[in-house]
Amino acid sequence: MYRTHTCGELRAENIGTEVKLSGWVQKTRELGGMTFVDIRDRYGITQLVFDDSKNAQLAENAANLGREYVINIVGDVIERESKNKNIPTGEIEILVKQLIVLNESETPPFTIEDETDGGDELRMKYRYLDLRRSPLQKSLKLRHDMGIAIRNYLHKQGFYEIETPYLIKSTPEGARDFVVPSRMNENQFYALPQSPQTFKQLLMVAGYDKYFQIVKCFRDEDLRADRQPEFTQIDCEMAFVERDDILNVFEGLTKYLFKEVKGFEFEGDFQKMPYDTAMELYGSDKPDIRFDMKFVELTKTVANSGFVVFDSAEYVAGITAKGCSEYTRKQLDALTDFVKKPQIGAQGLVYCKYNEDGTLKSSVDKFFDADALKQWAEVMNAEPGDLMLILAGNKKKTQSALCELRLEMGKQLGLMNRNTFAPLWVVDFPLLEWNEDSKRFFAMHHPFTSPKPDDLHYFDSEPGRMKANAYDLVINGVEIGGGSIRIHDKDIQSKMFDTLGFSKEEANDQFGFLMNAFKYGAPPHGGVAFGFDRLVSLFAGFDSIRDTIAFPKNNSGRDVMIDSPSFIAKEQLDELNIQLKAKQ
RNA sequence: GGUCUGGUAGUUCAGUUGGUUAGAAUGCCGGCCUGUCACGCCGGAGGUCGCGAGUUCGAGUCUCGUCCAGACCGCCA
């Protein structure tokens, strides 16, 4: 037996008992005749004490312990002479009688402490050491707790967790597939699933009308702080439901998680906002509604002034930053530089200060007199003390630039509190997106998404006008997940493939199994998938999802600890009948 | 595919206009220290300035290339 207790549980009431502990050496503090050693496991830290005058050999052995040695001790719990109120075990210490070194350790390349001195690169290379640190252990515990809560909730609601295969079939739509060669089927490849989409629909056809799975998905696309090549979804599907049945269940799940795991309760129902409204008011399909600062369109208000930037613009809109009329020239220049960054892409920024004394000062006074500016203020709901920031140009680009500016102002004004949670459902997405390069429509969500029934008649006349019965859950400007009511009618599905430019043969080749299934009584169904990693990082207050994952990959999709991906032996390639091509 | 930022001691960083032997903190090693808990004090070791070219009398510093890491744009149904 290695231990009678963990390193985090001994308290004053244990004084006088003999205990056995195992753990890692956090730190040794030698004070001449006396040595203190902190022993750590995932439950906490306990102080060991060695007294030279009582056992000189033992004290010397203790003094020779290095950081991260794995040790096993037997000793008596005693009351500390000087207590430490900062840690739960601070009232007691262990007077050690026996010390066994279970394993020595090299000095780790960074300190195993809450605030480590290690940089990201090093921490990733030695991830198993990084994972010893308490913030990471808390993060993985949070992830575990959330997983359990999700399973409990959905189980109680009558859902079955059903596994679906990882080795599936490559399909042309959507993200790039990760591909796996098949040895037994020469020159053929499996693909790893981008999501279990078609399988969960087949489970609906099979009559498992409430399905879920906490499941890995794989997409071979470029990465970001909140994107990994393999990530985890809470994947769900229900049959005999309409949109609001699904929203209710998963709004319920979201509220349950916040309450169980964070002790946070939402008031009332989540807002439902049509996509068009989200774009108009926030310039984004995932608006951060922790703060207001909505867009106000000014295209008509500012028309025909002689200011060519506005006059020639398809779209002019602005936001009102409360209490910012005192912004200095330097701050305004910085905002202008911000919107002109290539990533933001605006040509310039027009501002108008509504001064405390009621006067108005804009960067375009040459073209607009006081009355005109007053009218801006009225339309934009600005009051003395406020600052109006206005962008103009192509509608789509200007909306997205103004969205970035709004978020930047929210950041500068401290309106994006990590402990505030503002959820909403964005609904009624466009069904299709026109792609200019390939001159064809793409499904905005995926090709199995049902059009809104009222829009079905546009299929032949104006497909681009159709709205989808699709929805996203957005919290604090993060897309937590989304879903849709699916097409369950083989004729509509076939029409959808037509519109997406699939020939009958292609559709049959790629998705024939689904169309076939739909011939045998497919129930109306729909579902949702939440990004589990993102949800955990939102709960943990992280900017990146990486520290919610035990072994994440870096920016380039590499695991720097195991050094993957890697080359494989020629024999392996031969067996797979694969020949590598030299890079051009 | 693109834009930007960074790479100097085990680690985190500083390093001026291109100029003597590249510094600090921390960690590590040795010594002292009986109530520390960021222990303290004294001493010591520790450097391919990412890599390769170039400019120069002289490059950590300037130029070009390249590799690595991070953030973002494109991309991610």
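What you are looking at is a predicted structure, and each value in this text was computed from that prediction instead of being measured. We use all heavy atoms of the structure for the numbers below, so side chains are in, but hydrogens, waters and symmetry mates are not. Chain naming here is simple, since letters A, B, ... match the order of the sequence lines and numbering starts at 1 in each.
If you check every strand for non-hydrogen atoms under 4.0 Å, A:Asp51 touches a base. A:Gly345 comes within 4.0 angstrom of no nucleic acid atom, judged by non-hydrogen atoms across all strands. Within the nucleic acid shown, A:Asp120 has no heavy atom closer than 4.0 Å to any nucleic acid atom. Heavy atoms of A:Thr107 sit under 4.0 angstrom from primed sugar atoms or phosphate atoms, though from no base atom. Within 4.0 Å of A:Lys27, counting heavy atoms only, lie sugar-phosphate atoms of the nucleic acid but no base atom. A:Thr449 comes within contact range of no nucleotide atom at all, as no heavy-atom separation falls under 4.0 Å. Among the heavy atoms of the strands lying under 4.0 Å from A:Glu93 is at least one base atom, whether or not backbone atoms are also near. Across all strands, A:Ile344 comes closer than 4.0 Å to no nucleic acid atom at all (heavy-atom distances). At the heavy-atom level, A:Glu121 lies under 4.0 Å from the strands shown only through sugar-phosphate atoms. Across all strands, A:Pro447 comes closer than 4.0 Å to base atoms (heavy-atom distances). Residue A:Phe36 is classed as a base contact, given a heavy-atom separation below 4.0 Å to a base. Using a 4.0 Å heavy-atom criterion, one finds that A:Arg546 contacts the sugar-phosphate atoms exclusively. Residue A:Thr171 is classed as having no contact, given no heavy-atom separation below 4.0 Å to the nucleic acid. Across all strands shown, A:Lys83 has heavy atoms under 4.0 Å from base atoms, whether or not it also approaches the sugar-phosphate.
Remark: B:rC4 base-pairs with B:rG70; criterion is Watson-Crick or G-U wobble with both hydrogen-bond distances under 3.5 Å. Across all strands shown, B:rG44 pairs with B:rC28; the Watson-Crick or G-U wobble distances both stay below 3.5 Å. Under the Watson-Crick or G-U wobble criterion, with both distances below 3.5 Å, B:rU34 is left unpaired in every strand shown. B:rU55 is unpaired under the criterion used here, namely a Watson-Crick or G-U wobble arrangement in which both key atom distances are under 3.5 Å.
Across the P atoms, B:rG15 and B:rA24 are found 15 Å apart, a figure rounded to whole Å. For the P atoms, the distance linking B:rA53 with B:rA14 amounts to 27 Å, nearest Å. Taking atom C1' on both nucleotides, B:rG19 is separated from B:rA59 by 10 Å, rounded to a whole Å. Here, B:rU11 and B:rG74 have their P atoms 36 Å apart, quoted to the whole Å. The gap from the C1' atom of B:rU63 to that of B:rC75 amounts to 33 Å, rounded to the nearest Å. For the C1' atom pair drawn from B:rU5 and B:rU21, the interatomic distance equals 32 Å after rounding to whole Å. Here the separation of B:rU26 from B:rC62, taken at their P atoms, is 30 Å to the nearest Å. Between the P atoms of B:rA45 and B:rG30, the separation comes to 15 Å (whole Å).
Side-chain contact annotation: A:Ser22 with A:Asn72, donor-acceptor N/O pair under 3.5 Å present. Side-chain N/O atoms of A:Tyr211 and A:Asp235 include a donor and acceptor closer than 3.5 Å.
Ion pairing between a basic and an acidic side chain is recognised when a charged N comes within 4.0 Å of a carboxylate O; A:Asp455 and A:Arg465 show no such pairing.
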Extract from the structure each pairing of a protein N or O with an N or O of nucleotides 31-33 of chain B at less than 3.5 Å, listing the distance.
unit_1: B:rC33; atom_1: N3; unit_2: A:Glu30; atom_2: O; d: 3.3
unit_1: B:rC33; atom_1: N3; unit_2: A:Gly32; atom_2: N; d: 3.3

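Here the two rings, on A:Phe497 and A:Phe511, have centers that are under 6.0 Å apart. For A:Phe218 and A:Phe231, the ring centers are positioned 6.0 Å apart or more.
Surrounding CD of A:Glu462 are more than 12 heavy atoms belonging to other residues, nucleotides or ligands, all under 6.0 Å away.
Distance CG (A:Asp226) to P (B:rC72): 7 Å, rounded to an integer number of Å.
Because its NZ or CZ atom is not both nearer than 6.0 Å to the ring centre of A:Phe178 and within 45° of the ring axis, A:Arg176 does not count as a cation-pi partner of that residue.
Side-chain N/O atoms of A:Arg80 include none lying less than 4.0 angstrom from OP1 or OP2 on B:rU36.
For A:Arg224, counting side-chain heavy atoms from C-beta on, the closest listed nucleotide (B:rC39, B:rA71, B:rC72) is B:rC72.
Scanning for ring pair (Phe, Tyr, Trp, His ring centres under 6.0 Å) contacts around A:Phe542 gives an empty result, with sequence neighbours left out.
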